[in-house]
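Because the structure is a prediction, the values reported are computed rather than measured. Note: hydrogens, waters and symmetry copies are ignored here, and every other heavy atom, side chains too, is used. Just so you know, ligand 1 is whichever comes first in the structure, and atom 1 is the first atom listed for that ligand.
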Amino acid sequence: MKDNSKTFYITTPIYYPSDNLHIGHTYCTVMADAMARFKRLQGYDVRFLTGTDEHGQKIQKKAQAAGVTPQEYVDRVVAGIKDLWATMEISYDDFIRTTEPRHMVRVQEIFRRMYAKGDIYKSAYEGWYCTDCEAFWTDTQAPDGVCPDCGRKIGRASEEAYFFRLSKYGDKLKELFTTTDFLQPQTRVNEMLSFIDSGLEDLCISRSSFDWGIPVPIDEKHVIYVWLDALSNYITALGYPPVEGESTELYEKYWPVDYHLVGKEIVRFHSIIWPAMLMSIDEPIPQHVLGHGWLLIDGGKMSKSKGNVVDPVKLIDRYGVDALKYFLLREYTFGSDGQFTNEVMLNRMNYDLANDLGNLVSRTTAMIEKYCGGIVPGPGKTEGPDAELKEMATECYKKVEAAMDKFQFNIALEEIWTVIRRTNKYIDETMPWALAKDPAQKVRLETVMHNLADALRIVSVLIFPYMHTTSSKIREQLGLEGDPVWKEAQFFDMMNGQVARKGEPIFPRMDVAKELEELEAMNAAQKAAAAAAAAPADASTGSASEKEEYAPYKEAIEFADFDKIDLRAGTIIKAEKHPKADKLLVFQVDLGSEVRQIISGVAGSYSPEECVGKHVMAVCNLKPRNLRGLESNGMLCFACDEKNNKFTFVGADVKNGMIIG
Ligand code: MSP
C-alpha cells in the first residue's frame with residue numbers, strides 16, 4: 001500500500017524515438033528532474049521514470065525511409081536520447097523502452113485482463129488516423145480530414161479491429177474531473193469535459209495494416225494500438241501486472257503515481273484513456289495528471305522542416321547544463337505556452353546567473369579570503385540590515401515549498417533570487433571594504449563576512465534541486481562538505497571556521513550582443529540546410545521516387561460537379577486562436593456582401609497576426625459545421641502537404657465576393 005507521506009512517483013511522457021529530441025522535449029524532463037531532486041532533498045523515497053515509445057506506424061515509416069529495420073532505427077535514436085539525458089544530468093531511476101520484453105509481456109497481460117472484463121470487442125474501424133499523433137478521429141472530429149491536434153492532413157483507416165468500451169467509463173471519468181484535482185490546470189479540465197460531452201466513443205485499440213507493435217495476445221494478426229501500449233509503461237516499469245508470480249513490491253510501494261507530467265496535446269490520452277484502462281483492470285488511477293504548455297519558436301511549434309529546432313546539446317556546449325536548466329525553469333510558467341528566443345535566454349543567463357549569483361559568490365569568497373584569511377568567522381552581534389537578511393534567507397524555504405507544491409518552478413526560483421539580490425544589496429549597505437580600513441570595526445567586519453557566507457550557504461541548499469552542480473561548486477568554495485540537507489535552509493548561523501576560497505567564476509559574464517550574433521549565424525546555417533534538404537522534393541524535375549511523395553490525383557469529376565462549389569475571393573479581417581482547440585484558427589472573412597466566420601486547422605502553420613489582411617479563396621456553400629463549440633461557415637483554401645498548410649492567395653486587385661471558377 002502506497003504511503004504518500006514517504007514515497008513520490010513522478011513520470012515524463014515516453015518520447016517517440018522518431019528523431020533526436022529538441023529543447024521542447026527537454027523542458028518536461030528538466031521539470032520532472034527538478035521535482036524529483038526537490039522531493040529527494042526533502043527526504044522522500046522518489047521514483048522518477050522516463051523512457052521511449054518505440055512502436056507504431058510513424059516509427060515503422062521512418063525506419064522504412066531510412067532503409068533499416070524499426071528495431072535498428074529505434075536503437076540508434078534511443079542511444080542518442082540516453083546520451084542527452086546523461087549530458088543533462090537527468091536523475092531518472094528507470095528508463096523504460098516499450099520494445100523491452102518486461103514491458104511487452106505486461107501490455108499483453110493488461111489487454112487480456114481488459115478482454116476478460118468484457119471491455120474489449122471486435123468490430124470494424126472506419127475513420128481517420130493521424131500517423132504523427134498516432135490518433136484515431138471520427139468524421140465529426142476531423143471533418144476536413146485534418147488532425148484536430150496537429151493540424152496535418154490525415155488519411156483514412158479502414159480495417160477490422162478490436163475496440164475498448166471507453167464509452168462505458170464516461171460518467172466515472174466526468175466524476176473524476178469534477179470531484180477531484182486529478183487533472184490540472186483547470187483549463188484542461190474544461191476541455192476534457194467538453195470532449196466527453198461531445199460523445200465518448202469506444203476506442204479502436206488494435207491495428208492490422210502494419211506490424212510494428214505488440215501482438216494482440218488473442219489474435220496475432222493485430223498489433224496493440226500504440227497509445228494503449230505506451231500508456232501502460234507507467235505500471236509495467238513497476239513490474240505490474242506481475243507475470244509468472246513475480247513480486248509486486250515496486251508497484252505496491254509507488255502506485256498510484258503522484259504526478260504524470262505531460263504536454264498539453266497528450267492530456268486527453270492521459271486523463272481519459274489511461275484512467276479508463278485502469279478502471280477496466282480495477283487498479284487505482286493516477287493521483288495527478290499535469291498538462292504543461294509548449295515552448296514556441298517564431299510563434300509556432302518547432303519543426304525540423306522549418307529548420308527552427310533548437311538543439312539542447314549546442315546550448316549546453318556553450319553555456320553549461322545548469323544555465324540551460326535554470327533558464328527553462330525560470331522563464332516559463334507551467335501550463336502556459338512560452339516563446340523561446342535566444343535573446344531572452346542570454347539575458348536571463350547574464351543577469352540572473354552571471355550578475356546576481358556569480359557576483360555574489362565571487363565577492364563573498366574573495367572578501368573572506370582577503371579580510372579573514374579564508375576562514376569563515378562565527379556569528380556576531382545582529383545590527384543594521386542583518387536581521388532583515390537573516391529573516392529573508394531563513395524564510396525562503398517555505399516560499400519555495402509552497403511554489404513547488406504547485407509546480408511553479410519560476411516562482412520558486414524568483415523567491416530564491418530575491419534572497420540572492422538582497423544579499424548582494426547587503427554587501428553594498430555594509431561596505432566591508434570601508435570596515436576593513438578601520439581596525440576598530442574588525443568584529444563587525446567578521447560578522448558581516450559570517451552573514452554573507454551563511455546566506456550563501458542557504459542559497460546553495462535552495463538551488464540544489466534545480467542546479468545541483470552549481471550548488472556543489474558554491475559549497476566547495478565555502479568550504480562545506482557533502483550534499484545539502486533541506487532542513488538546513490531554515491537555520492542561520494551555521495557557518496564557523498570553514499576554509500573558503502575564491503574559485504573560477506561559476507557563470508562568466510557574456511557579451512550578449514556578440515553571443516546573439518553567433519547564435520543567429522548558427523540558426524541561419526541550420527535554416528539554410530533545412531531548406532536545401534527540402535529543395536529536391538519541391539523541384540519539378542524530381543526523380544521518380546521523389547515524385548511518389550506527391551498525393552495521387554483524385555478521381556475525375558464532371559464540370560457540373562466542380563461548378564457546385566461556390567468559390568469566392570475574400571479578405572481575412574480578424575483571426576484568433578480557437579479557445580478550445582490548439583490547432584484551429586477562427587477567421588472573420590470579408591466576402592463583400594457579408595463577414596463570415598470560418599474556422600481552419602492551420603494554427604501549426606500561421607499565427608493569427610500573420611493571417612489578417614490576406615486575400616484568400618473561400619468555399620462559401622459548405623454546410624455550417626460546429627468545430628469544438630464554434631460554428632464554421634465555409635472553408636478557406638490552402639495548399640497542403642503532410643506538414644504545411646499554405647494560403648492560396650488571390651491578387652489584391654480581386655474584389656471581395658468575386659466568384660472564382
Ligand atoms: N510518445 C508520446 C507520449 C506517450 S506517453 C505515454 C509522445 N511523444 S512525443 O515525443 O511526441 O512528445 C513527448 C512530449 O514532448 C509531449 O508531452 C509533448 O508535449 C512534448 N513536447 C514536444 N514538443 C514540445 C515543445 N515544443 N514544447 C514543450 N513540450 C513539447 O507524444
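A side-chain N or O of N4 and one of Q287 form a donor-acceptor pair less than 3.5 Å apart. A donor-acceptor pair shorter than 3.5 Å can be found between the side chains of E609 and S607. Side-chain contact of Y129 with Q57: a donor-acceptor pair under 3.5 Å is absent, judged by distance alone.
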Side-chain donor-acceptor distances from residues 14-21 under 3.5 Å, at least two apart:
{"unit_1": "Y15", "atom_1": "OH", "unit_2": "H25", "atom_2": "O", "d": "3.1"}
{"unit_1": "Y15", "atom_1": "OH", "unit_2": "T29", "atom_2": "OG1", "d": "2.7"}
{"unit_1": "D19", "atom_1": "OD1", "unit_2": "K304", "atom_2": "NZ", "d": "3.1"}
{"unit_1": "D19", "atom_1": "OD2", "unit_2": "K62", "atom_2": "NZ", "d": "3.1"}

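Among residues two or more places apart in sequence or in another chain, the salt bridge (charged side-chain N to carboxylate O under 4.0 Å, His left out) test is passed with D144 by R625. Looking at residues two or more places apart in sequence or on another chain, you find a salt bridge (charged side-chain N to carboxylate O under 4.0 Å, His left out) between R97 and E54, D75.
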List ligand 1's nitrogen or oxygen atoms that come under 3.5 Å of a protein nitrogen or oxygen, with the partner atom and distance.
{"unit_1": "ligand 1", "atom_1": "1 (N)", "unit_2": "I14", "atom_2": "O", "d": "2.8"}
{"unit_1": "ligand 1", "atom_1": "1 (N)", "unit_2": "D53", "atom_2": "OD2", "d": "2.7"}
{"unit_1": "ligand 1", "atom_1": "10 (O)", "unit_2": "Y16", "atom_2": "N", "d": "3.1"}
{"unit_1": "ligand 1", "atom_1": "17 (O)", "unit_2": "G263", "atom_2": "N", "d": "2.8"}
{"unit_1": "ligand 1", "atom_1": "19 (O)", "unit_2": "E265", "atom_2": "OE1", "d": "2.8"}
{"unit_1": "ligand 1", "atom_1": "19 (O)", "unit_2": "E265", "atom_2": "OE2", "d": "3.0"}
{"unit_1": "ligand 1", "atom_1": "26 (N)", "unit_2": "L295", "atom_2": "O", "d": "3.0"}
{"unit_1": "ligand 1", "atom_1": "27 (N)", "unit_2": "L295", "atom_2": "N", "d": "2.8"}
{"unit_1": "ligand 1", "atom_1": "29 (N)", "unit_2": "G24", "atom_2": "O", "d": "3.2"}

